[in-house]
Number of protein chains: 2
Amino acid sequence: MKRTKQSAKEGAEPARRADAQRNMETLLKAALAVFGKSGVDAPVRDIAEKAGVGVGTVYRHFPQRSDLIVAVFRQEVDACADAAAELAAKYPPVEALSRWMQRFAEFVATKRGLATALHSGDPAYEPLPAYYDSKLRPALDSLLKKAVAAGDIRTGVAPGDLLSAVVSLCRPAHDVASDHTARMIALLIDGLRFGAGGKR
Amino acid sequence: MKRTKQSAKEGAEPARRADAQRNMETLLKAALAVFGKSGVDAPVRDIAEKAGVGVGTVYRHFPQRSDLIVAVFRQEVDACADAAAELAAKYPPVEALSRWMQRFAEFVATKRGLATALHSGDPAYEPLPAYYDSKLRPALDSLLKKAVAAGDIRTGVAPGDLLSAVVSLCRPAHDVASDHTARMIALLIDGLRFGAGGKR
DNA sequence: TGCCAAACGGAACATCGCTCCGTATAAACG
DNA sequence: CGTTTATACGGAGCGATGTTCCGTTTGGCA
């Protein structure tokens, strides 16, 4: 036997081939687009076609349909969480907070179909809410802390409460004017500012 | 043309044949049983087999799968609503109320899988919550009124609130002892009695 | 009893999720 | 560079499921 492979560490990365990595990313993009257009129940074949690969390739990367859904969801959660740092670097504290919450509202609104999948009872989706919380709560928390430190908003607001507030604000958005949610969130931010300089 | 049919009014009933009527009822019973055993995702073929008919017969009565689910749901809601009058006739006010709420709790518990179907976004299920409310709220309301008139429970309890209270009590019942819900409801009834003779 | 529209049964069709395996190729080796 | 080999790819095919179609059966009426 020869086995000159695995030059360095072997733990995490199983040394994927370049084309495999490319297809993986292409698939995630295609899935995001197709889920957005046809819902999470869209056929795997549609996603494969959109990505320009065979179904076999889809199942090589995501053994089950739900794995693909989970991957897309996590990717979107990550993007939303990362946006917090970017916004914080680019805007003053309160505006960063405001823009991020609008961003989060969009995320929730576009993932409505996915949310019903989450509650379908399929154990594949069980760990998702925890992931969602572990990424977004710290993200929002850092924005809140900055705004508080700047003296722009009141103290004592729990990030978890704000997240669920936005989620419930998004609930009735399916038949009213589309900017209803945005206005409600703006109102929320104003509410936060109200007690700004106030002690306790 | 001959057309000697439709002797009397023709509005609602299209004059079904006897065997059709029988199969309809058999199908509803079979569907209830199969849904209870295998969940609402059970194959149509299973239901047809259980009912001893062909799939064509199922689709003659219920053009879509969801129509069958809706029919079963409505039947169960009706049965639960009708139970209110029966219990009211057989037991004193508070006991009738108590027994009905236990009955309602069972209904909610066994329809868990169906509830997730309701929230799936399929427009076929859209009118169901309204039906549910229109039948069960008056049923509970009549029981409440009788108990209030008898001076057994306090006034000012909205039936809608009680219904949703029971629903949320049933929520965490999936992993705790099965009589937990029953005890909580008994507690609710006791709470109602507490202010019994109380004015306003 | 004879007729016929209504109802039935189940084969057949269209899709889906998922598997399998022959083929293509990235990349390590000489 | 060519060779080689493990990796990845493509898509036909399988089993399951919702739904349709149509030849056959049957309830109910004259």
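One cannot find a donor-acceptor pair under 3.5 Å joining the base of D/dG28 and the side-chain atoms of B/Arg17. The base of D/dG13 lies close enough to the side chain of A/Arg45 for a donor and an acceptor atom to sit less than 3.5 Å apart.
C/dA26 atom C1' lies 14 Å from atom CZ of A/Arg60, rounded to whole Å. To the nearest angstrom, C1' of D/dT17 lies 12 Å from CD1 of B/Ile47. The CD-C1' distance, from A/Glu25 to D/dA8, rounds to 16 Å in whole Å. For the pair B/Glu49 CD and D/dT17 C1', the computed distance is 15 Å after rounding to whole Å. Separating the CG atom of B/Leu68 from the P atom of D/dT17 is a distance of 16 Å, rounded to the nearest angstrom. Between B/Arg16 atom CZ and C/dA7 atom P the separation is 9 Å, expressed in whole Å. Between the P atom of D/dT7 and the CE atom of A/Met24 lies a distance of 17 Å, rounded to the nearest Å.
Ring geometry for B/Phe104 versus B/Tyr132: interplanar angle of 30 to 60°, hence tilted.
The number of heavy atoms from other shown groups lying within 6.0 Å of CD (A/Gln21) is above 12.
Closest approach to the B/Val55 side chain among D/dT17, C/dA11, C/dG17 is made by C/dA11 (side chain taken as heavy atoms from C-beta onward). With distances taken from any side-chain atom of A/Ala18 to the nucleotides D/dG18, C/dA27, D/dG27, the minimum falls on C/dA27. Checking C/dC8, C/dC18, D/dT19 against every side-chain atom of B/Ala20, the shortest atom distance belongs to C/dC8. Checking D/dC9, C/dG17, C/dA7 against the side-chain heavy atoms of A/Tyr59 singles out C/dG17 as nearest.
In this model, the phosphate group of C/dA7 is not approached by any side-chain N or O of B/His61 to a distance below 4.0 Å at OP1 or OP2. Between D/dG10 and A/Thr57, a contact under 4.0 Å exists linking OP1 or OP2 to a side-chain N or O. In terms of phosphate contacts, A/Asn23 brings no side-chain nitrogen or oxygen within less than 4.0 Å of OP1 or OP2 of D/dA8.
The residue among B/Arg22 and B/Asp41 whose nearest nucleotide of DNA chain D is located toward the 5' end is B/Asp41. Taking for each of B/Gly56 and A/Gln21 the nucleotide of DNA chain D with the nearest heavy atom, the 5'-most of the two is the partner of A/Gln21.
Checking side-chain atoms of A/Thr57 against main-chain N and O of A/Val53 turns up no donor-acceptor pair under 3.5 Å.
Between B/Ile69 and B/Phe62, the closest side-chain pair of non-hydrogen atoms is not below 4.5 Å.
Atom CG of B/Asn23 is separated from atom NE2 of B/His61 by 5.0 Å, given to the nearest 0.5 angstrom.
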